[in-house]
Amino acid sequence: MNEVTPTPEQADDIAAQLRVLAGARDRLQGLLSAVLAISGDLDLPAVLHRIVTTAMELAGARYGALGILAPSGDRLEQFVTAGLSPEERTALAGIDFPRGRGVLGHLIHHPEPLRVKDIGAHPASVGFPPGHPPMRTLLGVAITVRGKIYGDLYLSERRDGLPFDQADEAVVQALAGAAGIAIENARLFGYMRDSAAQFQRLLLPTLSDLSPFTGAAVYRTAADPAGVGGDWYDAVILPDRACAAVIGDVVGHDLHAAAAMAQARNMLRALLYDRRSPPSSVLGQLDRTVEAITDLPVTTACLARIEPADGDGWTVHWSTAGHLPPLVLDPDGRTWYLEGEPGIPIGVDPDVPRPDHSHPLPSGATVLFFTDGLVERPDRDIDEGLDALAALVAAHADLPLDELVQTLADLHPGDGHDDMAVLAVRTPNRT
């Protein structure tokens, strides 16, 4: 069989076709990677920004934006941008974001894909505001969520200087389809996360009047939530006028952990209220009770009882069940931890004896109880987090108690990947 040698023109044509196929393959691979990227984030603002930047990469665009429609559907309510340099952003300072007039508004009222070679020459064009970078070309695609238009994705200025083409439109339209699903997932996740956090807060108590003591507490969900958490706290004035304070953490991040947390808190309050027992005895009774009548997961806790000392001042009695020690803030701003032999967590072995500890407290001293989310980071030893917390407390020692616990939750030394609770009790003056 004779071998056929293509002519130079045929060879060039074959090479061109191969380049087109290779480009299509690369673009398809890029699209698949993009879909995976935008689907992997569940934080809505991050998802929206990722959609814009991903579309820019796929089409080789210098500028990108996602205009989110108002509920009325006739104007833009938010505008997420990408590609602007710091100088360009500075030039646009004070200029309100587009509301959907002009060419951008054309896509709102006509949601078919839009390609424009010259924005200024388009019949709907109304020009650009002062300081706006020059833009000539535009590619616009609507994004729908559950059959309703959520917003419009806009790209401008291909980096090679050419107008956007049919291939750009096709790949960005495909991305828009995946973007709708990613947006809906992020919105649903945000709703579930907020509902879970609200559920958690409803299970936690509003601190009752602790007079003559002063109390404050705060609970914060994790930055990367995996459902409701098991952090809990409580503080009550007992019949003998001592103040009991407890903080704990049920293992797990789900509804079961939250329900178990509520069970443990309610049982502990009942055990506290009708007897004058040392904290170790109360924790031991709680451990035996939950083993007998519930399926409570492993739980850490620290229980303290603050009562008048003989003479002047106060005495704190406490016992821990695998929990971090409380931190004391003196009226003069000095801090120290209530160190002592820790007991084992609740739910491990109720027959193991639990230690008790005592320490004098002056009037005006603050005892801070907290969960590990406030101080833990995987990249450092827990002692470093405890030292950082003590320094943070000392630096804000003059704040009112409510502001102090809020500040600790805002500036926490932890990494934010776990929920956190802080409870503070301040001793009154002895009269």
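Only a predicted model underlies this, so the values are computations on that prediction, with no experimental measurement involved. Heavy-atom basis, side chains included; hydrogens, waters and symmetry copies ignored.
Of the candidates Leu283, Leu303, Leu286, Val246 forms a side chain to side chain contact (heavy atoms under 4.5 Å, CB included) with just one, namely Leu303. Checking Asp419, Asp231, Asp410 one by one against Arg220, the salt bridge (Lys or Arg N to Asp or Glu O under 4.0 Å) holds for a single residue, Asp410.
For Arg354 (side chain) and Ile344 (main-chain N/O), a donor-acceptor pair under 3.5 Å exists by modelled atom type. Formation of a donor-acceptor pair under 3.5 Å by the Tyr219 side chain with backbone atoms of Met420 is not found in this model. Remark: side-chain polar atoms of Glu157 are paired, donor with acceptor, to backbone N or O of Thr137 under 3.5 angstrom. Under a 3.5 Å cut-off, the side chain of Asp330 and the backbone N or O of Asp332 do not form any donor-acceptor pair. Panel note: side chain Gln173, backbone Ala170; no donor-acceptor pair is recorded below 3.5 Å. Checking side-chain atoms of His396 against main-chain N and O of Leu392 turns up a donor-acceptor pair under 3.5 Å. Counting only distance, with no hydrogens or angles, the side chain of His412 and the backbone of Gly414 share a donor-acceptor pair below 3.5 Å.
With a 4.5 Å cut-off on side-chain heavy atoms, Ile149 and Ile143 do not count as touching. Proximity of Tyr150 to Leu69: side-chain heavy atoms (C-beta onward) are nowhere separated by under 4.5 Å. Looking at heavy atoms from C-beta onward, Thr335 lies out of side-chain contact with Val328 at the 4.5 angstrom threshold. Between Arg377 and Ile382 there is no side-chain heavy-atom pair separated by less than 4.5 Å. For the pair Val352/Asp287, no side-chain contact is recorded, criterion being any heavy-atom separation below 4.5 Å from C-beta on. Using a 4.5 Å heavy-atom threshold, the side chains of Leu58 and Leu175 count as touching. No side-chain heavy atom of Pro278 sits under 4.5 Å from any side-chain heavy atom of Ser319. In this structure, the side chains of Asp356 and Pro279 come closer than 4.5 Å at one or more pairs of heavy atoms.
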Would Met135 and Ile119 count as a side-chain contact (heavy atoms from CB on, under 4.5 Å) if you check the C-alpha gap in whole Å, the side-chain angles of each, and the deciding distance to 0.1 Å?
-> CA-CA 7 Å; Met135 294 183 185; Ile119 295 173; 4.2 Å; yes
Should Ile346 and Thr300 be marked as a side-chain contact (heavy atoms from CB on, under 4.5 Å) after you check the CA-CA gap, both sets of side-chain angles, and the distance that decides it?
-> CA-CA 6 Å; Ile346 295 166; Thr300 69; over 6 Å; no
Could you please spell out the steps behind the side-chain contact (heavy atoms from CB on, under 4.5 Å) verdict for His357 and Glu339?
-> CA-CA 9 Å; His357 311 285; Glu339 302 284 1; over 6 Å; no
For Thr371 and Ile247, run side-chain contact (heavy atoms from CB on, under 4.5 Å): C-alpha distance rounded to whole Å, both residues' side-chain angles, the deciding distance at 0.1 Å, then the answer.
-> CA-CA 7 Å; Thr371 54; Ile247 198 155; 3.9 Å; yes
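Nearest heavy atom pair, residue Pro413 against residue Leu374, reads CD-O, 3.1 Å. Of all heavy-atom pairs spanning Trp314 and Ser363, the tightest one is NE1-OG, 3.6 Å. Pro133 approaches Glu88 most closely through the heavy-atom pair CB-OE2, 3.5 Å. Nearest heavy atom pair, residue Leu210 against residue Gly215, reads CD1-CA, 3.8 Å. In terms of heavy atoms, Leu104 sits closest to Tyr154 at O-OH, 3.0 Å. Listed here is the closest heavy atom pair of Pro212 and Pro428: O-CB, 3.2 Å.
The line from CG of Leu329 to CG of Leu361 is 11.0 Å long, rounded to the nearest 0.5 Å. Rounded to the nearest 0.5 Å, atoms CZ (Phe213) and CG (Leu401) are 13.0 Å apart. One finds the CG atom of Leu107 at 6.0 Å from the CG atom of Leu114 (value rounded to the nearest 0.5 Å). How far NE2 of His132 is from OH of Tyr63: 8.5 Å, rounded to the nearest 0.5 Å. Note that CG of Leu408 and CD of Glu403 are 11.5 Å apart. Values are rounded to the nearest 0.5 Å. Distance OG1/Thr427 to CG/Asn429: 8.0 Å, rounded to 0.5 Å.
A donor-acceptor pair shorter than 3.5 Å can be found between the side chains of Gln285 and Thr289. Side-chain polar atoms of Thr81 and Arg89 form a donor-acceptor pair below 3.5 angstrom. A donor-acceptor contact under 3.5 angstrom links the side chains of Ser358 and His317, judged on distance only.
Heavy atoms of other residues, nucleotides or ligands lying less than 6.0 angstrom from CG of Asp160 number more than 12.
With respect to Arg62 and Glu57, no salt bridge is recorded, no charged nitrogen being found less than 4.0 Å from a carboxylate O. By the 4.0 Å N-to-carboxylate-O rule, Arg158 lies close enough to Asp168 to be salt-bridged with it.
Side-chain rings of Trp318 and Phe369 stay apart, their centers remaining 6.0 Å or farther from each other. Close placement of the Trp336 and His359 rings is indicated, their centers lying within 6.0 Å of each other.
Relative ring orientation between Phe370 and Tyr337 is described as perpendicular, the plane-to-plane angle rising above 60° on a 0-90° scale split at 30° and 60°.
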